[in-house]
Structure formats: structure tokens, C-alpha cells
Amino acid sequence: NIYSDDVILDAITASQWIDENGVPRYERLIPEKESGEISKGEEMPGEEEAPGTPWKILVGQMSLKNSVVNFEDRKEGINSRHSLSGINLGIRDATLTPGSEMPLQLTAMLDQDGRITADGSLTLSPVTMDFKYRLENILLQSFSKYIEAASHLKIDKGNLNIAGSLSISGETQPSINALASVNLDDLRLKDTRSNSALFGYDSLKIEDIKADIDKKRVSVASITLSKPEASIELSEKKEINLAGLIKQKEKDSTESSPSEGDGSDKWTLSIDKISMREGTAHFSDRSVNPLYKTGIYNMDFSLAGLASNMKNPAPFSFNADIDKYAPFTIKGNLCLLYTSPSPRDRTRSRMPSSA
């Protein structure tokens, strides 16, 4: 038996990075197993594990305090640095005894501005985890390099907040359920080719995201976009600025084209309501002289009952003012998500029915 009131690790600093080839640093610390070598924990043929009494370990409080993890991504075109500082992790009644629940708390700062908190419990055997978490004031411009590496877009501003919960239970086939609400506010995107504003909005709210991993199902209560603003421009060469935003990736000759499955592994997605309010779209045409400008203002959009397995279109409405003066209204039915039939279903549809 091993008993202890407190185990404290204070002011621990760790540094990790991904090199220019995308290889994590820790891979170099793990030696490759030679052919025929038996790793620790593996049994020799015919070897039986000697019976013994399992150790009982109990620690009243395990704490990691005032610690820092530095991370650097050295891949070409990214060269991004991040830090997780002020890490304070506490686990009470830490033990290896099956069925014992260990309460835990975590607080940390991401890149000096973002705050991360988590509060819940952990059981090692069987593996069970249940906790609530919050990510607050995550500044997206510090992650812009990842967007710029794949596109001609740059995150000029943006603030991310997430609140949710995560539940994991089971060992051989763990059950995972997640719930979250997301606020992405004051987003501003620039076109790096012209360094001009391209798209932005005041707020994006995604409420009650529920994910059931076992049933491969995701549901969303509502998505609300407030005051979006887009700038669409046609150049002197009649090239639209929305074209070519995504950088073309060099195709690897070793990559194989994705094969169609039987549809059994597809996820289902449902969204109860999608809405947009007070949207604006500016349009300018530089291919004509004089320069032509127009816009669509006060755009409001609503769509209800959207799902990947929907059989009937959902009702929608769109209202706007063209050039601030001419009202424009559309109402009807719309189906944005469509699940194509699987190869098995298509084969069945071609088979003649029996008499």
C-alpha cells in the first residue's frame, strides 16, 4: 500500500515543436523497437504471469502548479508559436483502484489572453470521464498562419468563446457524448493578395451543439449570424476576388482517390434554425469606366428544419434592400443538405422488381 496526502509539481516547463517536415519532437525521444525485441510488458512464449497482490495507491491531492508548455510549429509557411501558461491541475483522491472516481480541476492561459477552465471527474477503470469546460477570449489572429498556409485569407480579428461538457464511458468501445455552445465574435478576414477587407461580421452564435459519437449524429439548436459584411470586386481583367482564394495543393502521386463506401459510416446532421440579420454585401466592377459600385443592404435570412436526411425542403425567407432603396423579398422552400444514395441503394434501384 502507498498513501500520501499531497504530491505537488511546481513551476514545470515543457517545450515541444513540430519540425519543418511535420515530425513532432517527441518522436525522436522514443527508440524504435528492433526486430525480435520484446518490449516491456510483453510476455515470452509460454511465460505465465506470477500471481501477486495488486498495489493500492491513494494520493489525497495531486497538483501541477504554475507550469508552462511552449509549442512551436516550424512547418514551412506557418512558423507559429503558442504557449499554455499558468497551468494549475488538481486531482483529489488519486488512485488506481477500479471504480474510484477522482475529482479534477484545471485552469490555464492560452497565449496570454485566452482562458481555459475545466471541472469534472475521472475514473481510470473502467475509463470514465465527465467534465464541463470553458474556453474564453481565444484570439483567432494568433492562428492566422494556418489559414494563410492553405488560402489567400488572413484573420485580422476574431474572438472565440466555447462552453460545453464532455462525457466518455466504457473501455472496449467507449461511448462519447459532447455538448457545446460557440460564440465567434468580431471576425474580420482580409485578402492577402490585395490586403483589402473581404469578409467580416459582429457575431456568430452556434447554440446547443450535441454530438453522439456512437450514433454518428450531430444536432444544432440554432446558428445566428449578426451583421455580416462582404466585399465582392471584379478587377480590370474581369477576375472576381472570390476566385482562387484556396491555394491549390500539389497532388501526391502516392495518394489514392477516396473510394465510395456503402453509406454505413455516414454521419447525420440536423440544424433546427439558421438565421442572418442586418447583412451587407458591397459589389464593385473595375472592368468598366467609370467604376461601377452597388450593394445589398439590410439582409435578413431565416431557414428552419435543416437536416442531412431530410426528405422535404425547409421553408426560408430572405429580405434585403438593393442600393438601400429597392426592397427585395424571396420566400420558398430550400434543401441545402443532400445525402446521395449509397452504391448499394443505387444498385437496388436498378434491379427489376419481381412479379
Side-chain angles (χ1 to χ4, degrees), residues 71 73 77-86 107-118 132-165 178-209 218 220-233 241-242 245-247 271-284 293 295-303 306 318-321 324:
F71 174 76
D73 193 334
I78 295 181
N79 293 321
S80 181
R81 295 179 177 87
H82 301 281
S83 67
L84 197 64
S85 60
T107 61
M109 297 294 294
L110 177 62
D111 293 339
Q112 308 302 319
D113 295 294
R115 180 175 174 80
I116 300 174
T117 59
K132 296 180 180 179
Y133 64 89
R134 295 185 69 90
L135 281 71
E136 301 173 288
N137 197 37
I138 308 298
L139 302 183
L140 296 183
Q141 53 265 42
S142 62
F143 299 92
S144 180
K145 289 293 184 180
Y146 294 94
I147 302 297
E148 295 173 47
S151 69
H152 295 288
L153 293 172
K154 175 184 178 181
I155 302 177
D156 202 39
K157 292 177 67 177
N159 186 297
L160 176 66
N161 294 273
I162 303 176
S165 62
L179 174 65
S181 291
V182 178
N183 283 10
L184 208 169
D185 301 326
D186 199 21
L187 181 70
R188 298 293 182 268
L189 298 177
K190 280 188 174 181
D191 187 336
T192 57
R193 298 167 298 184
S194 60
N195 199 34
S196 58
L198 181 67
F199 179 73
Y201 56 76
D202 280 6
S203 70
L204 172 65
K205 294 184 178 181
I206 308 176
E207 297 182 327
D208 292 339
I209 307 169
V218 177
V220 180
S222 66
I223 299 177
T224 306
L225 181 62
S226 299
K227 295 186 177 181
E229 186 171 356
S231 297
I232 304 170
E233 182 176 300
N241 61 342
L242 299 181
L245 281 175
I246 305 301
K247 295 178 180 178
I271 305 172
D272 292 342
K273 184 179 181 181
I274 299 175
S275 61
M276 176 186 70
R277 62 181 186 86
E278 299 182 56
T280 303
H282 303 282
F283 176 76
S284 60
K293 288 185 176 182
I296 304 177
Y297 303 87
N298 302 319
M299 291 189 293
D300 291 329
F301 174 81
S302 66
L303 174 67
L306 187 65
F318 177 80
N319 301 292
D321 294 328
K324 297 183 180 181

Quick check for you: to the nearest 0.5 Å, what is the distance between L153 atom CG and D191 atom CG?
7.0 Å
Evaluation steps, side chain to side chain donor-acceptor pair (under 3.5 Å), between H282 and S284
CA-CA 7 Å; H282 303 282; S284 60; over 6 Å; no
Heavy-atom side-chain proximity of V182 to I209 below 4.5 angstrom
yes
Taking atom CZ of R193 as the centre, report whether more than 12 heavy atoms of other residues, nucleotides or ligands fall under 6.0 Å from it.
yes
Between S231 and N241 the two heavy atoms that sit nearest each other are O-ND2, 3.0 Å
Measuring from atom OG of S144 to atom CG of L139, what distance do you get when rounded to the nearest 0.5 angstrom?
12.5 Å
Report the distance from atom CD1 of I162 to atom CD of E136, rounding to the nearest 0.5 Å.
11.0 Å
For S142 against H82, the heavy-atom pair lying closest together
O-CE1, 3.2 Å
What's the spacing between H152 NE2 and T192 OG1 if we round to 0.5 Å?
6.0 Å
Give the C-alpha distance, both sets of side-chain angles, the deciding distance and a yes or no for side-chain contact (heavy atoms from CB on, under 4.5 Å) between L135 and L110.
CA-CA 9 Å; L135 281 71; L110 177 62; over 6 Å; no
Any ion pair linking K205 and E207 (charged N to carboxylate O, less than 4.0 Å)?
no
Backbone of N298 reached by a side-chain donor or acceptor of D321 within 3.5 Å:
no
Quick one, D111 and F143 - any side-chain contact, counting heavy atoms below 4.5 Å?
yes
Taking S275 for the side chain and S302 for the main chain, is one N or O donor matched with an acceptor at less than 3.5 Å?
no
About how many Å separate CG of D186 and NZ of K157, when rounded to the nearest 0.5 Å?
3.5 Å
In the structure I gave you, are the side-chain heavy atoms of I155 and L189 within less than 4.5 Å of one another anywhere?
yes
Min side-chain heavy-atom separation R115-M109 under 4.5 Å:
yes
Carefully, step by step, assess K190 and N195 under the rule side-chain contact (heavy atoms from CB on, under 4.5 Å).
CA-CA 6 Å; K190 280 188 174 181; N195 199 34; 3.8 Å; yes
Does any non-hydrogen side-chain atom of D208 lie less than 4.5 Å from one of D272?
no
Closest non-hydrogen atoms of A149 and G77, given as atom of the first, atom of the second and distance, are CB-O, 4.4 Å
Over all heavy atoms of both residues, which pair between R277 and D300 is shortest? Give the atoms and the distance, please.
CA-OD1, 3.1 Å
OG of S203 to CG of L187, rounded to nearest 0.5 Å, is 11.0 Å
Which atom of M299 lies closest to which atom of A281, heavy atoms considered:
CE-N, 3.9 Å
Closest approach of I138 and G114, non-hydrogen atoms and distance?
CD1-CA, 3.7 Å
Side-chain donor/acceptor of N161 to backbone N/O of N137, under 3.5 Å
yes
Measure the shortest side-chain to side-chain distance between I232 and L242 over non-hydrogen atoms and say whether it is less than 4.5 angstrom.
yes
Is it the case that the side chain of K247 and the backbone of E148 share a donor-acceptor pair, with hydrogens and angles ignored and the cut-off at 3.5 Å?
yes
Between N79 and K145 (side chain of the first, backbone of the second, donor and acceptor by atom type, cut-off under 3.5 Å), is there such a pair?
no
Compare all side-chain heavy atoms of L184 with those of Y201 and state whether any distance is below 4.5 angstrom.
yes
Side-chain contact, heavy-atom cut-off 4.5 Å: D202 with E229?
no
